[in-house]
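See structure below.
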Amino acid sequence: MNVPFLDFTRLAARERDEMRAAFDRVHASGRYILGAEVEAFEAEFAAFVSAPHAVGCASGTDAITLALRALGVGPGDDVVTVSMTCAPTVAGIVAAGARPVFCDVDPVSLTMDPVLLPATLTPRTKAIVPVHLYGRPAAMEAITALAREKGLLVVEDCAQAHGARLSGRSVGSFGDAAAWSFYPTKNLGALGDAGLVTARLRETADRVRRLRMYGYVTRNDAQESGMNSRLDELQAALLRARLARLAEGNRRRARLAALYDAALAGVAGVMPPPAPGPGAEPCHHLYVVRAARRDELRDRLLSRGIGTDVHYPTPVHRQPAYAGFPRGPLSATERAAAEVLSLPLYPELTDEEQVAVAAAVREEALSLRA
Ligand SMILES: Cc1ncc(COP(=O)(O)O)c(C=O)c1O
């Protein structure tokens with residue numbers, strides 16, 4: 001059985017009518033930038049994640065930049081983050097004018113290791129950017145406790161974590177602000193690029209609103225230099241249609257993840273993801289196993305028609321653009337980058353496909369061990 005790693009055409013068929021209605025509404029309105037759809041999406045997404053304020057923007061990368069800039073982070077400041085992430089986490093920090101500093105991840109959870117965090121702080125550290133990788137909440141209680149003690153800001157990278165919760169609260173509600181991406185592969189994805197900042201304080205959100213459009217306080221009155229990072233009316237309308245299905249999609253993801261967990265438990269040569277930490281409810285953005293012979297396993301699955309991916313094969317600190325920044329020891333990051341393998345997981349994946357993938361993983365992992 002051929003199983004694609006992702007297949008957006010299945011969702012396209014299911015949602016055709018709602019998406020066409022959204023397009024027609026925007027088209028007929030004659031308003032294409034920062035209008036009623038963006039405002040409504042901001043309010044509806046804020047409600048979904050219980051955030052006091054939400055401001056749409058052009059991408060998740062911009063959301064990180066805008067959140068940091070709005071909180072006053074910029075040139076001369078260090079921002080501690082992880083290397084076990086997608087490069088845009090770090091690109092967003094650099095675009096704000098700050099210097100990234102890399103902290104290792106916990107070897108099991110693969111999110112920022114709060115034990116190593118204190119030693120990674122520098123005299124210039126002004127903010128911490130933890131990443132809720134694969135939809136699994138980072139250790140926010142420990143991270144925010146340290147931030148409070150040291151007077152540091154926290155911006156959560158929630159690009160992969162729509163609907164993830166910790167101690168009964170949505171991710172994004174622990175820090176001063178949070179960055180969300182609606183890149184098409186995310187649990188809530190646009191038909192193109194889109195992003196959003198949630199913020200604890202109105203003044204932070206208001207500054208993001210100014211910075212996303214040239215720095216305008218009112219039209220033709222820029223008090224500080226800003227970006228063009230607006231969320232389009234069209235993407236906002238399409239995202240509203242999909243937001244209505246997000247909780248249902250996340251439930252289906254959870255079900256598929258549980259089936260994988262059961263099928264892969266105890267299989268030599270492949271390790272299912274760890275159980276969530278206390279109080280953590282992941283949103284199952286990616287289903288990531290670990291395998292010592294990852295690349296061979298991946299090739300074998302591909303030869304059986306099963307698509308997989310690796311998130312991420314090259315840690316950010318080893319990518320040339322980001323190699324020169326300060327860092328602590330990154331052994332857990334290095335090891336994970338060599339072992340992680342993402343299996344197909346999306347709401348439209350059928351039970352039969354999940355069973356076929358799990359069986360193939362089991363068989364190939366065992367045969368690699370033989
Ligand atoms: C962890 C993480 N941070 C940031 C981003 C950046 O989002 P975008 O592609 O919308 O700029 C992504 C996704 O692409 C991501 O996975």
Side-chain angles (χ1 to χ4, degrees), residues 5-6 8 41 45 49 54-69 79-96 98 100 102-103 105 109-112 127-138 140 143 154-164 171-172 175 177-198 208 211-212 227-232 235-236 238-239 242 253 282-288 309-317 319 321-322 333 336-337 340 342 345-346:
F5 179 69
L6 272 173
F8 293 131
F41 176 64
F45 191 76
V49 297
V55 186
C57 64
S59 71
T61 310
D62 280 2
I64 292 167
T65 305
L66 287 163
L68 288 170
R69 284 191 62 186
V79 175
V80 176
T81 190
V82 288
S83 176
M84 184 70 205
T85 184
C86 194
T89 306
V90 185
I93 294 169
V94 172
F102 295 112
C103 178
V105 290
S109 71
L110 302 187
T111 55
M112 182 178 271
I128 305 171
V129 177
V131 179
H132 304 298
L133 192 72
Y134 310 150
R136 304 171 60 86
M140 292 314 300
I143 293 168
V154 175
V155 173
E156 296 173 64
D157 184 338
C158 295
Q160 304 188 359
H162 313 144
V171 296
W180 305 82
S181 164
F182 307 113
Y183 183 77
T185 58
K186 304 307 188 208
N187 289 31
L188 177 61
L191 300 197
D193 279 309
L196 181 136
V197 176
T198 50
V208 172
L211 288 170
R212 77 173 166 183
M227 303 160 65
N228 173 358
S229 183
R230 297 175 297 232
L231 173 60
D232 291 347
Q235 294 298 352
L238 298 169
L239 283 165
R242 284 188 167 180
R253 287 172 183 272
C283 68
H284 307 282
H285 172 56
L286 293 168
Y287 188 84
V288 179
D309 205 340
V310 174
H311 300 88
Y312 298 90
T314 309
V316 182
H317 73 277
Q319 301 180 30
Y322 308 109
T333 296
V340 290
S342 307
L345 180 102
Y346 42 100

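Computation of the quantities below employed the complete heavy-atom set of this structure, encompassing side-chain atoms and omitting hydrogens, waters and symmetry-equivalent molecules. First listed ligand is number 1; within each ligand, the first listed atom is number 1.
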With a cut-off of 3.5 Å and sequence neighbours excluded, list every side-chain donor-acceptor pair involving residues 54-66.
residue	atom	partner	partner atom	Å
S59	OG	T61	N	3.4
S59	OG	D62	N	3.0
D62	OD2	S229	OG	2.7
T65	OG1	T61	O	3.3
T65	OG1	G92	O	2.8

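R136 pairs by the salt bridge (charged side-chain N to carboxylate O under 4.0 Å, His left out) definition with nothing, not counting sequence neighbours. Residues satisfying the salt bridge (charged side-chain N to carboxylate O under 4.0 Å, His left out) criterion with R242, sequence neighbours excluded, are E15.
Two rings, from F182 and H162, have their centers less than 6.0 Å apart.
Tested against L188 for a side-chain contact (heavy atoms from CB on, under 4.5 Å), the candidates Y183, W180, F45 yield a single pass: F45.
A donor-acceptor pair under 3.5 Å is formed between the side chain of Q319 and the backbone N or O of T314.
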Polar pairs, ligand 1 vs protein, N/O only, below 3.5 Å.
residue	atom	partner	partner atom	Å
ligand 1	3 (N)	T89	OG1	3.4
ligand 1	3 (N)	D157	OD1	3.3
ligand 1	3 (N)	D157	OD2	2.7
ligand 1	7 (O)	S181	OG	3.2
ligand 1	10 (O)	G60	N	2.8
ligand 1	10 (O)	S181	OG	2.7
ligand 1	11 (O)	G60	N	3.3
ligand 1	11 (O)	T61	N	2.8
ligand 1	11 (O)	T61	OG1	2.5
ligand 1	14 (O)	K186	NZ	3.4
ligand 1	16 (O)	Q160	NE2	2.9
ligand 1	16 (O)	K186	NZ	3.0

